[in-house]
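Chain letters run A, B, ... following the sequence lines, proteins first, then strands; residues in each count from 1.
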There are 2 protein chains.
Amino acid sequence: MNSAIILSNINEHVQLTADERAYLESVLISRPFRHDELIVKSGDVARYIMFVNAGYIMSYYTDQEGDDHVVQFAAQGWWSGDLFSLSPDPRTIYSTKGLSDGELLLLPRSAQEQLFEKYPKFERYFRISFQTSLIRQQLRFIESYSLTAEERYLKFQLKFPTIDQYIAQKHIASYLGITPEFLSKIRKRLLLK
Amino acid sequence: MNSAIILSNINEHVQLTADERAYLESVLISRPFRHDELIVKSGDVARYIMFVNAGYIMSYYTDQEGDDHVVQFAAQGWWSGDLFSLSPDPRTIYSTKGLSDGELLLLPRSAQEQLFEKYPKFERYFRISFQTSLIRQQLRFIESYSLTAEERYLKFQLKFPTIDQYIAQKHIASYLGITPEFLSKIRKRLLLK
DNA sequence: GGCACAAGATGAACCAGGTTATGAAATGAA
DNA sequence: TTCATTTCATAACCTGGTTCATCTTGTGCC
């Protein structure tokens, strides 16, 4: 298993010893996925959190009316946002799908608890990760109110300059909280400028 | 200082020793506030995070156009959501205001770092707190897309059955992401039902 | 290549929610 | 108690975004 990316990611926040590194590697599970594969279905018991080691994935939420809402795109080097696997009821409310071929590294829930017990450094790493995710999530929430759909689309393009070739427009629309038709209009409007 | 509430809050997730408890109490700072007092102004260097020991506060974000967006209400027993104080640049983007008279317990940033160093248990406590906050924040984000303004208002009333006497309607409207006028319409519509 | 089917574009009618304006009621300072 | 200020309600009008229907353009797939 190639764990270079996850290790360098963790190393940005805490310095791991050889022991800690070895232990982490011993509990990670490689999980390759294919383009368009449904990796996790909502309602599943998700006994792990996911690190994207290669490729692209997206997570989405299906509401009562059966409409999907894209919550997150994740590229190489990202954790997937589904944290329900860590709370008492591990049934996830998100589905996760591959947007390309790729590989996940799964960190099982049980292993994670042991990781925290054994090496508090990992607790620190995840504390920091959750904290920055929370800040980002709050900013995104604010933006969804204070920016127009067009501004949000422009921001999206800046944030994911390369990913969009992997993502269908309807999924981008869903991520932005608008209909595909309206995204179409925005794109046309932007071309004319 | 009365730290019963914060201790029982922490105790729900980790068991503190007498030492740990004493240390925490020694670094907490009492900060009383008044109704309508501006406690933190956006742009301030916020060197602490805040625990509501008594009363109600709200945090809001002021956008480029100068419009306020209420991000969070917090009652007794809640941490305030402003985590920028923990990131490298501690200038906050939120303002915080008292909705009633009350008291905050401030946990200074420097003290917090020492707390984590000295007693990893606190790292665990905050890891768990951030994690559950993140889950809640994601749910709120999803709801803002998949529910109508009226449904969100009804949910708000369920979630904060007592707080609304302290909060002006325009702040509730802001929290819900709508105009005060539109909230007015919704309330009228609901009364007629 | 050719067929089937999903994705994107386009346009018209429509609606949830915003904007602006006005007045009434509440709050509060002097 | 008065005057000023803020908040809430109401109503007419406006608009960003939706819905639905049709058409075009991919994109597997055998």
Side-chain angles (χ1 to χ4, degrees), chain A residues 34-38 56 58 60 63-70 73 97-101 141-157 163-193, chain B residues 34-38 56 58 60 62-70 73 95 97-101 143-157 163-193:
Chain A
R34 309 303 307 271
H35 175 247
D36 223 40
E37 178 181 351
L38 188 59
Y56 298 93
M58 72 175 193
Y60 57 97
D63 69 18
Q64 266 102 2
E65 273 88 49
D67 297 325
D68 291 346
H69 302 268
V70 175
F73 298 113
K97 193 178 245 186
L99 293 171
S100 67
D101 292 358
F141 187 72
I142 288 169
E143 283 177 0
S144 78
Y145 279 115
S146 54
L147 301 182
T148 65
E150 182 171 322
E151 291 167 327
R152 274 178 279 145
Y153 178 57
L154 291 171
K155 273 219 161 181
F156 169 82
Q157 286 188 313
I163 210 182
D164 64 338
Q165 55 189 301
Y166 293 102
I167 310 176
Q169 266 179 228
K170 63 171 187 171
H171 292 141
I172 297 176
S174 171
Y175 178 82
L176 296 174
I178 59 177
T179 56
E181 290 90 339
F182 191 56
L183 178 55
S184 224
K185 272 187 209 173
I186 289 174
R187 285 163 56 85
K188 188 186 173 190
R189 208 190 297 154
L190 289 174
L191 280 177
L192 294 179
K193 280 181 183 168
Chain B
R34 309 304 305 272
H35 174 248
D36 222 41
E37 179 182 351
L38 188 59
Y56 297 94
M58 73 175 194
Y60 56 97
T62 306
D63 68 18
Q64 266 103 3
E65 275 88 46
D67 297 326
D68 290 347
H69 302 269
V70 175
F73 299 114
S95 303
K97 193 179 244 185
L99 293 171
S100 68
D101 293 357
E143 282 176 0
S144 78
Y145 279 115
S146 54
L147 302 182
T148 65
E150 182 170 323
E151 289 167 328
R152 274 178 279 147
Y153 178 57
L154 291 170
K155 273 221 160 181
F156 168 82
Q157 285 188 312
I163 209 180
D164 63 340
Q165 54 189 301
Y166 294 102
I167 310 177
Q169 266 178 229
K170 63 169 190 173
H171 292 142
I172 298 178
S174 171
Y175 178 82
L176 296 174
I178 60 179
T179 57
E181 290 88 341
F182 191 56
L183 178 55
S184 228
K185 266 188 218 177
I186 289 174
R187 285 163 57 87
K188 188 186 173 192
R189 209 191 294 154
L190 289 174
L191 279 177
L192 296 178
K193 280 182 183 168

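- Mapping Arg152(B) and His35(B) onto DNA chain C via the closest heavy atom, the residue that lands nearer the 5' end is Arg152(B).
- Across Tyr153(A), Phe73(A), Tyr60(A), a single residue satisfies ring pair (Phe, Tyr, Trp, His ring centres under 6.0 Å) together with Tyr175(A), and that is Phe73(A).
- Contact annotation: side chain of Lys185(B) to base of dG18(C), donor-acceptor pair present below 3.5 Å.
- Rounded to whole Å, atom P of dT18(D) lies 10 Å from atom OH of Tyr145(B).
- dA21(C) atom P lies 12 Å from atom CD of Glu181(B), rounded to whole Å.
- Checking dG17(C), dA9(C), dC8(D) against every side-chain atom of Lys170(B), the shortest atom distance belongs to dC8(D).
- In this structure, Arg189(B) atom CZ and dA11(D) atom C1' are separated by 15 Å, rounded to whole Å.
- Between the side chain of Glu151(B) and the main chain of Thr148(B), a donor-acceptor pair closer than 3.5 Å is present.
- Spacing between atom CD1 of Ile186(A) and atom P of dA9(C) amounts to 12 Å, rounded to whole angstrom units.
- What separates CG of Leu183(A) from P of dT19(D) is a distance of 15 Å, to the nearest Å.
- The Arg187(B) side chain lies nearest to dA9(D) when the options are dG16(D), dT10(D), dA9(D).
- Among the nucleotides dG17(D), dG17(C), dA9(D), the one closest to any side-chain atom of Ile178(A) is dG17(D).
- Distances were taken from every side-chain heavy atom of Ala168(A) (C-beta onward) to each of dG17(C), dG8(C), dC8(D); the shortest belongs to dG8(C).
- Between dC8(D), dG17(C), dG8(C), one nucleotide has an atom nearer to the side chain of Ala149(B) than all others, and that is dG17(C).
- dG8(C) atom C1' lies 12 Å from atom OH of Tyr153(A), rounded to whole Å.
- Rounded to whole angstrom, the span from the CD1 atom of Ile167(B) across to the C1' atom of dT7(D) amounts to 15 Å.
- Pairing each heavy atom of Ala173(A) with each of Leu183(A), the nearest pair is N-CD2, 3.7 Å.
- Looking at the side chain of Thr179(B), the nearest of the listed nucleotides dA9(D), dT10(C), dG18(C) is dG18(C).
- To the nearest angstrom, C1' of dG8(C) lies 12 Å from CD1 of Ile172(A).
- Map Phe182(B) and His171(B) each onto its nearest nucleotide of DNA chain D; the residue landing nearer the 5' end is His171(B).
- Met58(B) and Val70(B) make their closest contact through SD-CG2, 4.1 Å (heavy atoms, listed as atom of the first residue, atom of the second, distance).
- In this structure, Gly177(B) and Tyr145(A) approach most closely via the heavy-atom pair CA-CE2, 3.0 Å.
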